[in-house]
Amino acid sequence: MAKETKYIFVTGGVLSGLGKGIFAASLGNILKSRGFSVNLQKCDPYLNVDAGTLNPGEHGEVFVTDDGAETDLDIGHYERFIDRNLTKASSVMSGKIYTEVLEDERKGKYLGKTVQVIPHITNKIQKFIVEAGKGVDIHIVEIGGTVGDYEGLHFIEAIRQMRRKVGVENVLYAHLVYLPFLETSKELKTKPAQSSVRDLLALGIQAQIIGCRAEHDIQQEHLKKIALFSDVDERAVVPLPTIRSVYEVPTNLEKFGLGDFVCQKLNLPIKKRTSNGWEKYLDNLAHAEGEVKIGLIAKYMSNEDTYKSVNEAIQAAAIHNKKMAKIVWIDAEKVEKHGTKVLDELDGIIIPGGFGNRGTEGKILACKYAREKNIPYLGLCLGMQVAVIEFARNVLNYKDANSAEFDRDSKHDVIHIMPEQRTCLDEENFGATMRLGAFPCLLAKGSKSYTLYGQDKISERHRHRYEFNNDYRKDFTKAGLMIVGTSPNNHLVEVIELPLHPFFVGVQFHPEFKSRPDRPHPLFDGFIKACLNQS
Ligand code: GLN
């Protein structure tokens, strides 16, 4: 195994949903700011092969990488925190591990041996980790779930073994815990945290760094107590109270000397930290005055994380313009049933990506409202398709216009599956059957998008089956809906605009994935500016 990469394994205990992803990403951020090359990887216990078939209402958004992997939303945090485009290697789910092991078994690669969780599954996990860590100074691996979860044990055992395999001086274990607050005695309790460190120890791993999440003030005495009972260096027990912005976490960790500690423990030179470039963002955030009200017309209303990157992209653009975004989630089905009154207070409307029929008619109504009332509109993937359908119905007068996804019998399938893409319609096989990942796009000079990007050649990430139907190009452009972005061979429509509208842009891709806190995506920035102009 490669000796040169250092590994930090991040586990979590007490509760799920503590922000392990942010903790791991923040470690990555502080180490990158010290001049080290860093990679991040998430190991998820689910038996899914990738996140592509997971319900975003339940699990959070499916984040797409440049190389077309459908991953867990934590990969989005990683990209935003280390400002690096990651690959499919950064997301490993149990299903992927098991699939490879079972394929190897079928091919007879185990030479008659009994195939077992240990060593075959654990070895495969290590192979994925080592491959992802190749070539970087520090590879940070987050283990999903909570320590002690039955389904995560193979990952814990794999990372336990790695300490010997790659050298004890090359591995650090960081554990994130939660300190509950007892309202009756007004006390922060450390016992669950101690127990969780012990759960990890029972599996053979001694935590070396402990991150303490709490919603109340954490005192020195709490940290000391945890250090003593967990046998962890006091310097390495760091508080992670709830703060205004997750982008303050890295500075917070540095304040407690965690960067120096990690470098010392991993035998790395202690380099001075340079700026991570977020000062301006945090300063704008602190001084943001007033808000811009953005309506997100969506199908899922259940989970904050469902449109995580869209939320992040809106907020980054708003803060860049020294405003806070108030993101108003609007249930598309409600618009369908009760009309567009709920849209009256909005400064701008976004329709994010989505699949399936539910709520689509409400989205089409919201889009019509934005077009007719000159409200800034940004359509993301499905949001572009909806804009095309709406225009076809209400301007071109193709009353039954639709996407083949929603109505296979429509005479005007303005959004359809291209003949050469028909294999995508294989109904038995839903995993990874889409146009996925980064594709180049050419923008028309003079268009709003071209002006915003400041260039004509762009690359953006896709995740969809359906496309604009080229048979209708002429009809649309004649009536004023312009096709301003296409694939380089002009075959696929990627961006549409209404030039006479203050801001009406639909994109077949997902620009939200490439937005960074300190570098908002140009389309989102342009959209927010238009919203501010309007309001
Ligand atoms: N459902 C649409 C398609 O598959 C849009 C997908 C999306 O918005 N990501 O083409």
Side-chain angles (χ1 to χ4, degrees), residues 50-57 59-66 68-71 73 75-76 296-300 305-311 313 332 349-364 366-367 377-390 392 401-408 410 413-427 429-439 441 460-470 472 485 487 491-496 505-515 521 523-524:
D50 60 34
T53 55
L54 285 169
N55 176 346
H59 184 84
E61 81 175 359
V62 177
F63 186 84
V64 181
T65 55
D66 269 347
E70 299 174 278
T71 74
L73 84 167
I75 311 307
L296 198 65
I297 320 299
K299 166 167 148 186
Y300 295 110
D305 289 338
T306 307
Y307 305 100
K308 187 71 194 167
S309 293
V310 177
N311 277 264
I349 290 178
I350 290 187
I351 296 187
F355 295 83
N357 227 333
R358 185 159 68 79
T360 312
E361 291 302 320
K363 291 177 188 171
I364 293 171
C367 183
Y377 177 84
L378 181 59
L380 309 169
C381 206
L382 177 67
M384 179 196 106
Q385 300 178 350
V386 162
V388 169
I389 298 167
E390 190 279 318
N402 217 328
S403 160
E405 179 177 8
F406 312 128
D407 178 3
R408 293 250 176 115
S410 164
D413 53 346
V414 287
I415 303 293
H416 72 157
I417 293 229
M418 296 189 157
E420 61 271 34
Q421 293 173 324
R422 284 274 148 80
T423 47
C424 299
L425 262 188
D426 176 357
E427 279 168 8
N429 222 338
F430 267 111
T433 54
M434 287 185 263
R435 180 142 86 101
L436 282 168
F439 288 87
C441 165
E460 292 282 4
R461 299 180 195 173
H462 291 247
R463 180 175 184 253
H464 56 101
R465 288 190 181 85
Y466 296 84
E467 307 278 354
F468 183 102
N469 184 342
N470 286 328
Y472 292 95
S487 54
H491 196 49
L492 301 165
V493 171
E494 309 283 42
V495 188
I496 56 152
V505 179
V507 291
Q508 189 56 83
F509 43 78
H510 290 274
E512 66 270 22
F513 294 140
K514 289 177 77 170
S515 170
H521 190 284
L523 289 179
F524 280 87

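Just follow the structure's listing: the first ligand is 1, and inside any ligand the first atom is 1.
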Ignoring hydrogens and geometry, is there a side-chain-to-backbone donor-acceptor pair from [X] to [Y] under 3.5 Å?
| X | Y | value |
| --- | --- | --- |
| Asn469 | His416 | no |
| Lys299 | Phe355 | yes |
| Ser309 | Glu512 | no |
| Tyr377 | Gly383 | yes |

At a 4.0 Å threshold, what atoms of ligand 1 neighbour a non-hydrogen atom of [X]?
| X | answer |
| --- | --- |
| His510 | 9 (N) |
| Glu405 | 1 (N), 2 (C), 3 (C) |
| His464 | 3 (C), 4 (O), 6 (C), 10 (O) |

Worksheet entry | Note: Glu70-Arg463 ion pair, threshold 4.0 Å (strictly below) | yes

Worksheet item: How are the rings of His464 and His462 set to each other: parallel, tilted or perpendicular (split at 30° and 60°)?
Response: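 The arrangement is tilted - the two ring planes meet at 30° to 60°.
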
Does the N or O separation between [X] and ligand 1 drop below 3.5 Å for any pair?
| X | value |
| --- | --- |
| Arg463 | yes |
| Cys381 | no |
| Gly354 | yes |

Worksheet item: What protein heavy atom is closest to atom 4 (O) of ligand 1, reported as residue, atom name and distance in Å?
Response: Arg465 N, 2.9 Å

Worksheet item: What residue and heavy atom of the protein are closest to atom 10 (O) of ligand 1, and at what distance?
Response: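 The answer is Tyr466 N, 2.9 Å.
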
Worksheet item: Does Met434 approach ligand 1 within less than 4.0 angstrom via side chain, backbone, both or neither, non-hydrogen atoms only?
Response: neither

Worksheet item: Does any non-hydrogen side-chain atom of Phe513 lie less than 4.5 Å from one of Asp66?
Response: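 SC-SC contact between Asp66 and Phe513 ruled out.
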
